[in-house]
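The block underneath contains the structure these notes are about, expressed in C-alpha cells.
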Amino acid sequence: MSGFKEGFLWGGAVAAHQLEGGWKEGGKGISVADVMTAGAHGVPREITDGVLQGKNYPNHEAIDFYHRYKEDIQLFAEMGFKCFRTSIAWTRIFPLGDEQEPNEAGLKFYDDLFDECLKHGIEPVITLSHFEMPYHLVTEYGGWRNRKLIDFFVRFSKVVFTRYQHKVKYWMTFNEINNQANFHEDFAPFTNSGLKYQPGEDREPVMYQASHYELVASALAVRAAREINPELQVGCMIAMCPIYPLTCAPGDMMMAMNAMHRRYWFTDVHVRGKYPQHLLNYFERRGFELDITSEDLAALAEGCVDYIGFSYYMSFATKASADNPQFDYDESKSLVSNPYVQKSDWGWQIDPVGLRYSLNWFWDHYQLPLFIVENGFGAIDVAQEDGYVDDQYRIDYLSAHVAEMKKAVVEDGVDLMGYTPWGCIDLVSAGTGEMKKRYGFIYVDKDNEGNGSLSRSRKKSFKWYQDVIATNGEKL
Ligand code: P53
C-alpha cells in the first residue's frame, strides 16, 4: 500500500457541549457540562450543585455553534472535510434523561445540522455520550451507579439511530469511557459517568460498577443499531495514552503492563464481549462485589463493536516502587515524566511515535478497523489584527503525527479508517474549561472571561490541512 486508502475519512472532531452553547434553547435540559465552571492548568473545574448565580460556566455559550453552524460547516467544507465528528447533546433529545418521549425541537436541530453537512459532502460521525449526560440523572439517580441508566441510554440511542439512520452511518457510544480509570480525581468520574463521591467513599468499585452499566448499555445500543439498520457501524471510543515503562527494569515493565490492563480493559469488553481474566481476578483479590448478571454477560457478548475509535494526544510513563509489590496502578500517583519527550504548556507529553505504537497495539490486540477520532495540540494562539494566527507549532505537531500514522498504515499494515483532529474550530477545553487552550484550524475570537466577538478566522494550519486532505496525506 502506498498511502491512505481511498475514501479515507479526513475531517475534524468536536463535542456538542464544547461548541454549541444555546444551553437552554430548543427545550434543552441541563447537562453535567453545564454545572462545571472554568478552571486552568493546575486549577480544577468546580462542579457546582446546579447552576449558581455569579459563576462562570463556559459551556453555556461556548462558541455559539448552535446559531453559527452553517458558517462553520462552510469553512470545514473549504478545508475539504470528508467527515465531521460531533456528538448529539443527550439533553436536547431527552432534557431530563428519564422521559418517555423525545424533544422534537432537539431532534430537528440535528436534522438540520446533518443536512447542512451532507449538503457539502461531509459525513457526520456521531458520539452518543460525550461528557454531557443530563444533570437530572445525577441528582435523581446518582449517575451511572444506578442500573436504571441503561434503559435511559438505550432509549436515547434507539431514538437517534431511528431518526438519523439515513444521515449518519458511523456512531460511537461513550466518549473516552476509560478516562474514569483515573477515579481518584473528580473530573473523569463526573464527566464520564455523572458520579459524585461521598467523602471517604471507596471510589474504585463504584467506578467499575458504573463502567459495567455503561458497557452493557453500549452493547445493547450496538444490538439495537443492527436491528434498526444493519448498515449502521457502531464503535467504542477509547482515550489512548500508551503507558511506557520508565526503564527496562523488569519491575517497571510489569508496572507498565498492569497499568495498560487497568486503563484498556474497557476495549476488551467492547471488542471481545467479555471481561479479561486479569480483571476478574483483580476484583476477587480486592473483594469487589459488583452487580454483573448473566443477562448482562449475554448482552456484552452480543453487542461487540464494529470498529475502535480512539483519541491520541500523548503517552504516559510509569515505574515500579518498593511499596507496591503487586504493581497496582493509581493514575493519580503512578505516572512519571518521560525524559525523552517534550511537553505542551499544559504538561501533555508530545510523542508522535506513540501514535504509531498505539495503532499497532490496537491492531495486534483486536484486528478491528481503527479510527483516530481525536488528536491535536492545545496551545496558546496569538491572533493578528485580522484574526490570522501563525500556528506553525500546531502544524509541526499534526504533521509529525500524520507521518507516524502513515508508517503504521504503509509499513505496519494497520487498517485505519480515518483521522479527525480535535477541536478543528477553537472551542471550550474539556479538562480546564478554558478558551485559551486552542486546537483549531479556525480561530474564534473569545477569551477565558467570555469576551470577544465570536468571529471566525483561518489560521495558518487551515491551509496546511486543506493540502493534506487534497493530497490524501501526501503533502505534509
Ligand atoms: P482538553 C484527558 C486526557 C485525554 C483526552 O482535552 C481528554 C482528557 C480530558 O480532558 O479529553 C479529550 O479539552 C476529550 C475532549 C477534549 C480533548 O480530549 O482538556 O474527548 O472532549 O476536549 C482535549 O484539552
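Read the numbers this way: they start at 1 and go in the same order the structure lists the ligands and their atoms.
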Q: Only counting residues at least two apart or in another chain, list the ones meeting salt bridge (Lys or Arg N to Asp or Glu O under 4.0 Å) with K158.
A: none
**Q.** Test salt bridge (Lys or Arg N to Asp or Glu O under 4.0 Å) applied to R203 - qualifying residues, sequence neighbours left out
**A.**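 Per chain and number, R203 pairs via salt bridge (Lys or Arg N to Asp or Glu O under 4.0 Å) with D186.
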Q.
Residue by residue, ordered by chain and number, which ones reach under 4.0 Å of ligand 1 with a heavy atom?
A. Q18, H130, F131, N175, E176, F187, Y313, M314, W348, E374, W422, S429, A430, G431, K437, Y439
Q.
Determine whether N59 and D34 satisfy the following criterion, side chain to side chain donor-acceptor pair (under 3.5 Å), listing intermediate values before the conclusion.
A. CA-CA 6 Å; N59 300 77; D34 291 324; over 6 Å; no
Q: Output all residues satisfying side-chain contact (heavy atoms from CB on, under 4.5 Å) with A221, sequence neighbours left out; order by chain, then residue number.
A: F153, S157, F161, T173
**Q.** F310 CZ to L359 CG distance, which is reported to the nearest 0.5 Å
**A.** 4.0 Å
Q: Specify whether W10 and Y419 have parallel, tilted or perpendicular ring planes, treating 30° as the upper limit for parallel and 60° as the lower limit for perpendicular.
A: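 W10 vs Y419 ring planes: perpendicular.
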